[in-house]
Amino acid sequence: MATTVVVTGLGTTSPLGGDVASTWEGALAGRSGVRPLENDWVERYELPVSFAGQLAVPAAEVLTRPETRRMDPSAQYAMVAAREAWADAGSPEVDGERLGVVVASGIGGVWTMLDAWDTIQAKGARRVMPLTVPMLMPNSPAAYVSLEVGARAGVHTPVSACASGAEAVAYGVEMIRSGRADIVVVGGTEAAIHPMPLASFAKMRALSTRNDDPAGASRPYDVTRDGFVMGEGSGVLVLESAEHAAARGARVYAEIAGVGLSSDAYDIAPPDPSGRGQELAMRAALRDADVSDRDVVHVNAHATSTPAGDGVEAAAMRRGLGGEADHVAVSATKSMTGHLLGGAGALETIFTVLAVRDRVAPPTINVTELEPGIDIDLVRGTPRPLPGGQIAALNNAFGFGGHNVALVVRSV
Amino acid sequence: MAHSEQDILAGLAEIVNEETGLPTDSVLPEKSFTDDLDIDSLSMMTIVTLAEEKFDVRIPDEEVANLATVGDAVTFITNAQES
């Protein structure tokens, strides 16, 4: 009998709020966290995109000054989310050798790296801060979280673009199942609202340029969608073996019942248009959880709002869930948060866990007309109740490079 | 314009405060960076880099080991300004 892995703590800082309660409330209210950028560099560099999903509560308001100086923003966000998740789990007394950390990032410390290069060019090598490399490395957020909680069973950093945060959850599940740890702090983080990634994504025509309507720009599956909206933030969950959680009387949100990973082996950026890889991940997750597609009542879709991606996912879901897809409530929460890249899969796992616990599917906003041929039951405008009894939900996350991750969350 | 010793002490205290969170009034000339202020070698290099910028001086890496106390740093920066 495989070890059952449950969720005992949640934490986030996101464009919708500085914690889980405010973020979930914002999502259920159908609020957009996307706003115009006030940075002078938007105009200076003639960026074609002038809005993003910036944190609702700046990390500098929560962390100490020395902490913000020593951590890249990507690590700062992870630290804020991890502290909330750890406290939410009851700050468990656990042997550090049985405690692991898996915190992902898609891009890493882009601010630190490019600031340091600017400094070298303007003032020479002497002015570069000694901690530049430890700050910019993508494993820095995970390492800081491990320092925070004293994790010695291993600290890991999946880097799989926009699937990173979900891959971290999957890796944490595997650590517990294989007996390496009793508790694993998992999550993802990103702080890439910086001119360089914005310029690059815009050049790929992956970003929405609806500058006259930031809050209405992310419109997954809509016929007028024109790209994703950059977001930032972090989501962190405390995963625990059911046995360990029960022994300490921990409150349990839900079970992470199945993980499915696959790859497209198709292209460095766009998904395989056949959706074969995505379907494979969904099917693998359902099989791993030992649930049938009939048991799935809700999907938090990857759904970034790009013209290419959404159609592929909709078709893959339709095939992955078979005839039951008609009865699955699909939510696309990036319509409200923007796309947190390496943080997205983790924040959306939190949304999926809360949807299962509260039995409510969050809404998708900004959708007025589904693109013809997209055959899914999208939850639009307002939240939708989910059925009673034991239910299961899927969280999808896909990334550049052909990474596909699907997670099955089951009610307890 | 050269900074006075008092300015340099106050400036160093600000840097140490930002980097470590120690209160500025604990950064006194007789305090040892390592024994009293608990500043490790990496933080010391950061503080030195920030001090070079703030006071527009050069503090060679091989000199840093000789800066045992806050007072040593104030003296070194004062002299480096004058040279």
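Bear in mind that the values here come from a model prediction, so they are computed numbers and not experimental data. Proteins come first, then strands; the chains are lettered A, B, ... in the order of their sequence lines, and each starts at number 1. Only this structure's heavy atoms are used, side chains among them; waters, hydrogens and symmetry mates stay out.
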- request: Flag yes if more than 12 heavy atoms outside A:Gln121 fall under 6.0 Å of its CD atom; otherwise flag no.
  value: yes
Nearest heavy atoms of B:Gly21 and A:Pro66, plus distance in Å: N-CG, 3.3 Å
task: Count the heavy atoms of every other residue, nucleotide or ligand shown that sit under 6.0 Å from CZ of B:Arg58, and state whether that count exceeds 12.
output: no
query: Any chance CH2 of A:Trp117 has more than 12 other-residue heavy atoms, nucleotides or ligands included, within less than 6.0 Å?
result: no
field: B:Thr46, part contacting chain A, at a heavy-atom distance under 4.5 Å
entry: both
query: Can you find a heavy atom in the side chain of B:Glu18 that is under 4.5 Å from one in the side chain of A:Thr68?
result: no
- prompt: To the nearest 0.5 Å, what is the distance between NZ (A:Lys123) and CD (B:Glu52)?
  reply: 11.5 Å
Using residues 108-116 of chain A as the side-chain source, report each donor-acceptor pair under 3.5 Å to any protein atom, sequence neighbours left out, with the distance given to one decimal.
unit_1: A:Thr112; atom_1: OG1; unit_2: A:Asp72; atom_2: OD1; d: 2.7

message: Quick check on the interface: out of A:Arg65, A:Glu67, A:Arg69, who has the most heavy-atom pairs with chain B under 4.5 Å?
response: A:Arg69
message: I'd like to know whether CD of B:Glu30 has more than 12 heavy-atom contacts from other residues, nucleotides or ligands below 6.0 angstrom.
response: yes
- prompt: What's the shortest heavy-atom distance between B:Thr49 and A:Arg126, and which atoms?
  reply: CG2-O, 3.5 Å
query: Hey, are the side chains of A:Leu131 and B:Met45 touching, using non-hydrogen atoms and a 4.5 Å cut-off?
result: no
message: Is it the case that atom CG in B:Asp40 sees more than 12 heavy atoms from other parts of the structure closer than 6.0 Å?
response: yes
